[in-house]
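What follows is a single structure, written as structure tokens, with notes after it.
The figures that follow rest on heavy atoms only: side chains count, while hydrogens, waters and symmetry mates do not. Every value quoted in this text rests on a predicted model; they were computed, and no experiment measured them.
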Amino acid sequence: GPRWATPHPSAPRRALDKILHLSRRLADNRPVIPPPLAWFLRLWAIAVLAHIAGNPPGWKGAPVGTALGTASALLGVLALAVLLRPGRWTGAALGAATIVSVVLEAPVLGNHWFVAGLVSILLVASLFRRDPWAAFAPGARGILIAFYSFAAFAKLNRGFFDPTVSCGITYTNQLLGSYGLPLIPNS
């Protein structure tokens with residue numbers, strides 16, 4: 001009979017091998033997130049949720065229907081999405097929404113949210129690199145070190161060490177009091 005009517009016994013095997021090869025190539029091209037970045041994105045989402053819980057849009061006089069209220073609601077939804085499924089697209093969306101929130105909250109902006117905006121710019125820029133963690137981690141560490149260096153430097157003044165005017169005593173006493181330890185006198 002004709003050759004096409006009776007396939008060679010290895011033809012199905014060759015077809016299966018081609019399918020497996022193509023699926024491996026597609027899997028290799030899939031935007032995979034390195035485990036450290038997946039962990040960072042989950043923790044970043046928790047930090048965003050903590051920001052929203054600690055700084056609801058209404059405390060600045062911005063009702064939910066305003067741009068800031070809408071951005072906060074979007075941030076919350078995206079943070080939950082990243083918690084459930086950290087990925088390049090969800091992480092980039094959360095980073096972009098964080099940047100929008102920082103812009104909308106300015107000029108009344110906490111230091112932590114300003115730093116979050118800087119880290120988000122870096123995050124969005126690095127998420128679509130071949131190795132996003134390698135592109136992101138050094139810059140994020142640099143931002144963190146610079147932020148804490150400036151914070152430490154700001155404490156180097158006589159007022160910080162003067163218990164009558166320093167906020168350090170107030171916060172230390174809050175911490176000590178929460179554990180039932182004796183407080184530091186502020187006079």
Would you mind reporting whether [Y] and [X] have side-chain heavy atoms less than 4.5 Å apart?
X: Trp44; Y: Pro86; answer: no
X: Leu80; Y: Leu49; answer: yes
X: Thr66; Y: Thr70; answer: no
X: His51; Y: Glu105; answer: yes
X: Val103; Y: Val100; answer: no
X: Thr98; Y: Val119; answer: no
X: Pro132; Y: Ile33; answer: no

Practice item. Mind telling me whether Trp133 and Phe136 have parallel, tilted or perpendicular rings, with 30° and 60° as the class edges? Key: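 Because their plane-to-plane angle lies in the 30° to 60° range, the rings of Phe136 and Trp133 count as tilted.
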Practice item. Kindly assign one of parallel, tilted or perpendicular to the pair Trp89 and Phe128, based on the angle between their ring planes and the thresholds 30° and 60°. Key: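 Geometry flag for Phe128 against Trp89: tilted rings.
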Approximate separation, where rounding is to 0.5 Å, of [X] [atom1] and [Y] [atom2]:
X: Leu123; Y: Arg88; atom1: CG; atom2: CZ; result: 11.0 Å
X: Arg158; Y: Ser166; atom1: CZ; atom2: OG; result: 14.5 Å
X: Leu175; Y: Tyr171; atom1: CG; atom2: OH; result: 12.5 Å
X: Leu41; Y: Leu83; atom1: CG; atom2: CG; result: 10.0 Å

Could you pull out the closest heavy-atom pair between [X] and [Y], with the gap in Å?
X: Ala71; Y: Leu104; value: CB-CD1, 3.8 Å
X: Gly159; Y: Val165; value: O-CG2, 3.5 Å
X: Leu74; Y: Ala97; value: CD2-CB, 4.4 Å
X: Ser120; Y: Ile99; value: CB-CG1, 3.7 Å
X: Leu122; Y: Gly139; value: CD2-C, 3.3 Å
X: Leu94; Y: Ala45; value: CD2-CA, 4.0 Å

Check your understanding: Is a donor on one side and an acceptor on the other found under 3.5 Å between the side chain of Asn173 and the backbone of Ile184?
Key ->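 The answer is yes, because a donor-acceptor pair under 3.5 Å joins these two groups.
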Point to revise | Side-chain donor or acceptor of Arg85 paired with backbone N/O of Thr90 under 3.5 Å | key: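 Such a contact is absent between Arg85 side chain and Thr90 backbone.
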Review point. Taking the six-membered ring where the residue is Trp, are the ring centres of Phe147 and Phe114 under 6.0 Å apart?
Key: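 When the ring centroids of Phe147 and Phe114 are compared, they turn out to be at least 6.0 Å apart.
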When clusters are formed by joining ILVMFWY residues with side-chain heavy atoms under 4.5 Å apart, either directly or through shared neighbours, do [X] and [Y] land in the same one?
X: Leu109; Y: Leu144; value: yes
X: Val48; Y: Ile46; value: no
X: Val102; Y: Val124; value: no

Exercise for review: Could you please spell out the steps behind the side-chain contact (heavy atoms from CB on, under 4.5 Å) verdict for Leu127 and Leu37?
Suggested key: CA-CA 9 Å; Leu127 270 174; Leu37 185 58; 3.6 Å; yes
